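Take a look at the structure set out below.
As the structure is a computational prediction, the values presented were derived from the model and not from experiment.
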Amino acid sequence: MKIGAPRELHEGEARVAMTPESAAQLQKLGYECLVESGAGAAAGFSDAAYEAIGVKVYKTPAPLWKAADIVIKVRPPEGPELKRLTKDKLLISFFNPAESEEAMQQAAKQGGNVIAMEMVPRISRAQKMDALSSMANIAGYRAVIEAGNNFGRFFTGQVTAAGKVPPAKVLVVGAGVAGLAAIGTSTSLGAITYAFDVRPEVAEQIESMGAEFVFLDFEESQQDGAATGGYAAPSSPEFREKQLEKFRELAPEMDIVITTALIPGRPAPKLWLKDMVEAMKPGSVVVDLAAERGGNCDLTVADEKIVTDNDVTIIGYTDFPSRMAAQSSTLYANNVRHMMADLTPEKDGVVVQNMEDDVIRGATVVHDGEITYPPPPPKVQAIAAQKPKDKPKELTPEERKAQEAAAFREATRFQIQMLVGGGILMLILGAFAPASFMSHFIVFVLACFVGFQVIWNVSHALHTPLMAVTNAISGIIIIGALLQIGSGHWLVVVLAAISVLIASINIVGGFMVTRRMLAMFQKS
């Protein structure tokens, strides 16, 4: 079968659904690859690069659509493209089925098949095909770059001869894929980063990336992300009011705000209101990643950058992935290629659209002339439901003191029991063992006890500072081994030699580690 990638008709779209690299992988699956001339030019992929690996280049789209059995695109079909989706052809692209009822009906009427890449279910097995996450990752990264381009200062704090520069403060609203990408980029650039999300299970993810999670003083528990396929669920009016109150408190302090909040099938929620923009400092920046769905900010204008009366820049671009066309094309083409690998189980260049498969069924919106949207929920949840955590009880000073006393008594009791048990064992051995054995055995027991108390009982974090102590113990071992190495018995000589070798390794290693530690604190 033939798989073709036409040039995108959407104005300003620079991405392409097939790269030379992905075409080579599709050929290994048994497909013949076609591409329209100039389809990859804006992303840096020339026609010659396609031709070099055996991809056939068509000058115009009409013959490509006619020749291809499978058409792969980035944007939903526009203009004459949907009319070219004739019987038994398969279209793989973003399709926006929730708002494209007429397009689905037309595709079904013509007998075509449509797989919508944004409908890939968010389950572990489908991560390699999750084009929404791939594009959101790029959008989150690019949002921080755009903010930095419009922000008049450094992200990181600096102390220079010319003066002190405070670090920028960045607030990321929404910690989905785009939000986490923005958090990672912002923290890596040195900004003090704050993040908010209505899903309780993402707090640890945010903090693990070096950002501070913004908590609300609110009793109502929020719905776990597992019940909504990993997405945020709509909040109650009470929670929303508390949320807006917190944002108003943060607005005067923030230099950059990046909003990423979207709920599938709904307009973007308004989270950064006009009064919050007015409260921000001059020179601040708001980047609204939800601009295409109405925006999270009251003042956002889709596809435009505006500057308010108080000198706050609001960026409402809807093409962040397209602004990094080479990278986004590579990732999207890989997502499509992985989808084709699942559709080609025999690797023979023939599509098998298994509607029993969770991923393929979830992404298919039109099949054999029938609309199959919306899909049934996947058999596997997107993420495991979070188990409620018990909050540790706050202890009073009296309770804490009693707890410490009880722990001390327990430790003392254990040590006394060990000493009594050891003493009884020594008495029993002393009654039967010869005096020469007992003198050596007592030294052995004391060495074990001292070693346990000095080395084994110490926290692992303190072992490196104690290297000098372990070196001293190793030195004692070497002296003892040297005294025994002249023994006439071959077994004693072998054991003594091994002792000298191991203890020498420990001493040399100890000095090397100590030297490196001291070097960390030297100026030169």
Inset, instruction - Tell me, with the steps shown, if R142 and E146 meet salt bridge (charged side-chain N to carboxylate O under 4.0 Å, His left out). - result: CA-CA 6 Å; R142 182 71 188 195; E146 290 289 344; 3.0 Å; yes

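- Using a 3.5 Å distance cut-off with no hydrogens or angles, the side chains of T313 and N150 do not pair a donor with an acceptor.
- For the atom pair CD1 (I206) and OG1 (T187), the distance works out to 11.5 Å, reported to the nearest 0.5 Å.
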Inset, instruction - Start with the C-alpha distance between R125 and D342, add both sets of side-chain angles, then the distance that settles salt bridge (charged side-chain N to carboxylate O under 4.0 Å, His left out), and finish with yes or no. - result: CA-CA 11 Å; R125 186 171 67 83; D342 268 30; 3.4 Å; yes

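- No side-chain donor from either of D319 and S322 sits under 3.5 Å from a side-chain acceptor of the other.
- The heavy-atom pair separating V214 from L171 by the smallest distance is CG2-CD1, 4.3 Å.
- Residue L289 comes nearest to A143 through the heavy atom pair CD2-CB, 3.9 Å, listed as atom of the first residue, atom of the second, then distance.
- Under a 3.5 Å cut-off, the side chain of D255 and the backbone N or O of S284 do not form any donor-acceptor pair.
- The CE atom of M254 lies 9.5 Å from the CD atom of E249; values are rounded to the nearest 0.5 Å.
- Summarising the local packing, NZ of K401 is surrounded by 12 or fewer heavy atoms from other residues, nucleotides or ligands at distances under 6.0 Å.
- Under a 3.5 Å cut-off, the side chain of R199 and the backbone N or O of A175 do form a donor-acceptor pair.
- Between I183 and the options V172, V144, V170, a side-chain contact (heavy atoms from CB on, under 4.5 Å) holds for only V172.
- In this structure, the separation between CG on L216 and NZ on K242 is 8.0 Å, given to the nearest 0.5 Å.
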Inset, instruction - Quick one: do R122 and S133 satisfy side-chain contact (heavy atoms from CB on, under 4.5 Å)? Show the steps, please. - result: CA-CA 9 Å; R122 284 189 164 175; S133 293; 3.2 Å; yes

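- Within the 4.5 Å cutoff, the side chain of Q205 has heavy atoms near those of the V202 side chain.
- Taking CZ of R337 as the start and OH of Y332 as the end, the distance is 14.5 Å to the nearest 0.5 Å.
- Side-chain contact between R361 and P121 is absent, with no heavy-atom pair separated by less than 4.5 Å.
- Donor-acceptor pairing under 3.5 Å is lacking for the side chains of R323 and S328.
- At least one donor-acceptor pair under 3.5 Å links the side chain of N334 to the backbone N or O of T330.
- Side chain of T259 to backbone of N296: no donor-acceptor contact under 3.5 angstrom is found.
- Applying the salt bridge (charged side-chain N to carboxylate O under 4.0 Å, His left out) test to E21 and every residue at least two apart in sequence or in another chain returns nothing.
- Counting only distance, with no hydrogens or angles, the side chain of Q27 and the backbone of I53 share a donor-acceptor pair below 3.5 Å.
- No donor-acceptor pair closer than 3.5 Å links the side chain of Q415 to the backbone N or O of T412.
- Using modelled atom types, one finds a donor on one side chain and an acceptor on the other under 3.5 Å when comparing T193 with S186.
- Between F320 and Y317, the ring-plane angle classifies as tilted under the 30° and 60° cut-offs.
- Contact of the Y194 side chain with the L250 side chain is not registered, since no non-hydrogen atoms from C-beta on lie closer than 4.5 Å.
- When all heavy atoms of V500 and A481 are compared, the pair lying nearest together is CG2-CB, 3.5 Å.
- With values rounded to the nearest 0.5 angstrom, M339 atom CE is found 12.0 Å from I70 atom CD1.
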Inset, instruction - Just do the side-chain contact (heavy atoms from CB on, under 4.5 Å) check on L132 and M117 with the steps written out, would you? - result: CA-CA 7 Å; L132 271 183; M117 291 301 291; over 6 Å; no

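- Between the side chains of T344 and Y31, at least one donor N or O lies within less than 3.5 Å of an accepting N or O.
- Taking CD of Q127 as the start and NE2 of H338 as the end, the distance is 11.5 Å to the nearest 0.5 Å.
- Side chain of S22 to main chain of M18: no donor-acceptor pair is present (N/O by atom type, distance under 3.5 Å, no hydrogens or angles).
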Legend entry - Verdict with supporting geometry, I138 and L331, side-chain contact (heavy atoms from CB on, under 4.5 Å): CA-CA 9 Å; I138 294 172; L331 293 182; 3.7 Å; yes

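- The neighbour count for Y141 OH, taken as heavy atoms of other residues, nucleotides or ligands under 6.0 Å away, does not exceed 12.
- Taking the six-membered ring where tryptophan is involved, the planes of F213 and F196 are essentially parallel, since the angle between them stays under 30° and well short of 60°.
- Two residues are said to be in side-chain contact when any heavy atoms from C-beta on lie closer than 4.5 Å; Q353 and I115 meet this criterion.
- Residues I360 and L343 are in side-chain contact: their nearest non-hydrogen atoms beyond the backbone lie under 4.5 Å apart.
- Looking at heavy atoms from C-beta onward, M129 lies in side-chain contact with V359 at the 4.5 angstrom threshold.
- In the model, S134 has a side-chain atom that pairs as donor or acceptor with a side-chain atom of N335 under 3.5 Å.
- Between Y50 and G40 the shortest heavy-atom distance is OH-CA, 4.1 Å.
- In terms of heavy atoms, C33 sits closest to L26 at SG-CB, 3.8 Å.
- Heavy-atom contacts from other residues, nucleotides or ligands closer than 6.0 Å to CE of M512 number 12 or fewer.
- Annotation for A43 and S329: closest pair CB-OG, 3.6 Å, computed over non-hydrogen atoms.
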Inset, instruction - Walk me through it: do T156 and L189 pass the test side-chain contact (heavy atoms from CB on, under 4.5 Å)? - result: CA-CA 6 Å; T156 184; L189 288 173; over 6 Å; no

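- The shortest side-chain heavy-atom distance between I72 and I3 falls under the 4.5 Å cut-off.
- Side-chain contact check for M135 versus D130: every heavy-atom pair is 4.5 Å or farther apart.
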